[in-house]
Structures are given as structure tokens and as C-alpha cells.
Protein chains: 2
Amino acid sequence: MGAERAHGLKAQVKEAREQLLAHLKGRGLRWTKQRDIILEIFIAAQKHISAQELYELVKKRSSEIGYATVYRCLNLFVDVGIAKERRFDEERVRYESAIFADHHDHLICTECGAIVEFEDERIERLQDHIASEHGFNVTNHRLELYGTCPKCR
Amino acid sequence: MGAERAHGLKAQVKEAREQLLAHLKGRGLRWTKQRDIILEIFIAAQKHISAQELYELVKKRSSEIGYATVYRCLNLFVDVGIAKERRFDEERVRYESAIFADHHDHLICTECGAIVEFEDERIERLQDHIASEHGFNVTNHRLELYGTCPKCR
DNA sequence: GTGAATGCAAAAGTTTTGCACGGAC
DNA sequence: GTCCGTGCAAAACTTTTGCATTCAC
């Protein structure tokens, strides 16, 4: 559940790489070996990953890549629209791929830490409705449901 | 809006103090001048406050209270159930009073930072429904709507 | 060749911790 | 008198930044 993706990994990496290249060219920035490696590993991870976890994966492949580069890359990916920041109930930020990902929310198991993504049109409509009752114009939202997953109940 | 409280400040401080005292007695812990001052200022703040902001308010009243004591106190308050941690889209944690506070969610203005609390039974029901579709048993949730408030539109 | 990206180490920001001293019980 | 809480400074942890060097263009 949640593992099924509309497009294969290769297609996602290709899409992300194109998006990154377009952004770099448009701004006189440079394509580097590090950025490509980090991009590929980030997309392949297919989950909510922290900078530290990504750094460790990257180091396995290419041990001379530094911590700061991973951080700088993740911030770049967020700018480009390849990655999204997610702040769950922990100190550090997690990142998820935004390639082919619709807006979605999260079900989080407090026992085993499993994270399931879901999307629900009814919730979105209800949120807009509530916001307008308060005179707000909603541009974004965050919804996390914490509880126990089927395995842990 | 949101400023209206069911009970006065004094009642909230009294309730919090009783809750804290009961907890301390039950565990052989001690009531101290610092804890009382910090408790009172925390409740009186009536908003989502960070440790740093609380520290600054506390220092005005009693300049010899240290930073670490404020942090230790806030963690104590969370244990006791007087305070709740809230992690918005920023690095540091904010705390809010849990005294007389029902479960509620937040509307956050991305222009001016204003935070409005709301509660909606329909959302709660819908969330339970969605969770059960995924086999989850929800115990808690977090919902934040980001957008522009009436003033900033 | 120019200037952006990297790697390292140091810095910055938030929160926790070790330790000697003071205070609540 | 005991031992918990405090205050200070130092440490931990995540993330950012300064700077000399490397490398994409």
C-alpha cells in the first residue's frame, strides 16, 4: 500500500533530471556529478528521508561527497520543485519527492513509524469551507493522522 | 476571534497550579519559586509561545532565572499535561496551554503569521472514516491550514 | 579563464546535560 | 540532612556559512 507508483523509477529520475537541468540552465548554474548522484539516490529512496539518511546513502556510493553538499542539494531540489519539505513530530526536516506526486496527507503509525500517504477530495473541500468561514484564503495545508496501523493493532 | 476563553486567567492559573502540585507530590518532586513564576507567565501568555519568548518574559519578572530552567519547566509542563508542544513550519517548538483547551486545529496566515484556532466536528468524523479505510486506529491528529487572513488579503 | 560548486571546518540556532551549589522537604 | 532543582557553561544536534580549491562552462 503506497508502494504502487504511477510511473517507474527510471521515469521519475528522468523527469527530475530534466526539471533540474532546465532550472540550472535558466539561471546560469551548473550541472555537477554530485548533484546527479544525490538526485538519483534521493528519487530512488522513494520515501520521507532526512538529510542525514540521504547523506549516508550517498556516502556509500561516493564517499567523497560532503554533508554540506547534501544539504545544499536538498534546498536546491526544493527550489526546483523536485522535493518537498515535511516536518513531522521530530526535530529534523524530512524530504519527499514531488515528482508525479499529487498533494497528499499522511497516516503515521505511532508504534512502528510506518507512514501511509492518502488523498481525499472531501477533506480538501471541507477545509476550504472552514477556512472561508474564518475569512481565510487557503493556499496550502498539512494534515497528519497519528494512530496504530493494521499490523500494530 | 479566539481571544474569548471559557474561563478567566486566574482560574486557568489555579487549575494549572493544582495539576502541577498533584504531579509533583505524587512523585516526590519539589515545588519551587521558579516553577511557579514560569507557570504563571506561561498561562498568562495565552498564545503559542517558544521557549525563547517565554524566557524573555520570565527574565523581566525575575532576572536570575536561567534558560535551562525554562526548558526543563516546559518539558515538565508537557509531562504534567499543562502544556502541549506544537511544531509549525519553523525550527523551534512552540508551546500552548492545555488548560481548558479542547482539541483544536490551526489556521495560519502566511503573510502576518497570525494563528487562529478552530474546531470542527465534521473534519474529525471524516478523518476517523478515512483512517479506518486504511485499517488505522487514529488517536491523534494535526491539521494546519496555511493561507491569507482577512486583514492580509 | 571565469565564477559557480564543493569539501572541510567553523558557526549559528535550538535544546539538553554535567556539575557544583543552594533550597525544599 | 537529604537529594531535587537551579544556574552556568559546555555539549549535542541539525542546518548554514566562509573560504580555499576544484571543476563546469
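Proteins come first, then strands; the chains are lettered A, B, ... in the order of their sequence lines, and each starts at number 1. Keep in mind the model is a prediction, meaning the values are calculated, not measured.
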Rounded to whole Å, CG of A:L76 lies from P of D:dT15 at a distance of 17 Å

All side chain to side chain donor-acceptor pair (under 3.5 Å) counterparts of A:R92, not counting sequence neighbours: none

Provide the full list of salt bridge (Lys or Arg N to Asp or Glu O under 4.0 Å) pairs with a residue in residues 23-39 of chain A, sequence neighbours left out, each pair given once. A:R17-A:D36

At under 4.0 Å, does any side-chain N or O of B:N75 touch on OP1 or OP2 of C:dT16? yes

Would you kindly give the CZ-to-P distance between A:R87 and D:dT14, to the nearest whole Å? 13 Å

Give me the residues of residues 55-62 of chain B where at least one heavy atom lies under 4.0 Å from an atom of DNA chain D, by number, or none. none

Listed pairs, N/O of protein and of nucleotides 22-25 of chain C, under 3.5 Å:
| from | atom 1 | to | atom 2 | distance (Å) |
| --- | --- | --- | --- | --- |
| C:dG23 | N2 | B:R30 | NH1 | 2.7 |
| C:dA24 | O3' | B:W31 | O | 3.3 |
| C:dA24 | N3 | B:R30 | NH1 | 3.4 |
| C:dC25 | OP1 | B:W31 | N | 3.3 |

Using the rule given for side chain to side chain donor-acceptor pair (under 3.5 Å), can you reason through A:Y146 versus A:E144, listing the C-alpha separation, both sets of side-chain angles and the distance that settles it, and then say yes or no? CA-CA 6 Å; A:Y146 294 88; A:E144 285 146 30; 2.7 Å; yes

At what distance, to the nearest 0.5 angstrom, does CG of B:L21 lie from CH2 of B:W31? 8.0 Å

For A:S132, which residues count as a side-chain contact (heavy atoms from CB on, under 4.5 Å) partner, sequence neighbours excluded? none

Nearest-nucleotide 5' precedence on DNA chain C, B:Q52 against A:R35: A:R35

In whole Å, what is the span from the CD atom of B:E90 to the P atom of C:dT14? 10 Å

Apply ring-ring contact (aromatic ring centres under 6.0 Å, His included) to A:H141 and list each qualifying residue two or more places apart in sequence or on a separate chain. A:H103

Nearest-angstrom distance from the residue atom CD of B:E91 to P of C:dT14: 7 Å

Distance, rounded to the nearest Å, where B:D79 contributes CG and D:dC4 contributes P: 16 Å

Partners of A:H104 by ring-ring contact (aromatic ring centres under 6.0 Å, His included), sequence neighbours excluded? A:H106

Rounded to the Å, how far apart are B:L74 CG and C:dT14 P? 14 Å

With sequence neighbours left out, write down each residue that passes salt bridge (Lys or Arg N to Asp or Glu O under 4.0 Å) with B:K14, or none if nothing qualifies. B:E18

Separation of B:L54 atom CG from C:dT15 atom C1', in whole Å? 14 Å

With a 4.0 Å cutoff (strictly under), does any side-chain N or O of A:Y71 reach OP1 or OP2 of D:dT15? yes

All pairs passing salt bridge (Lys or Arg N to Asp or Glu O under 4.0 Å) where residues 120-130 of chain B contributes a residue, at least two apart: A:E133-B:R122, B:D120-B:R122, B:E121-B:R125

Restricting both atoms to N or O, compile the protein contacts to nucleotides 8-11 of chain C shorter than 3.5 Å, with distance only.
none

Before accepting this row, confirm whether a basic side-chain N of the pair A:K59/A:E64 lies closer than 4.0 Å to the acidic partner's carboxylate O. no

A:A114: what forms a side-chain contact (heavy atoms from CB on, under 4.5 Å) with it, not counting sequence neighbours? A:C109, A:C112

B:Q34 side-chain N/O to D:dG7 phosphate OP1/OP2 under 4.0 Å: yes

N/O donor to acceptor pairs below 3.5 angstrom from side-chain atoms of residues 67-82 of chain B, sequence neighbours left out:
none

Take atom CD1 of A:I37 and atom P of D:dA24, then tell me their distance rounded to the nearest Å. 11 Å

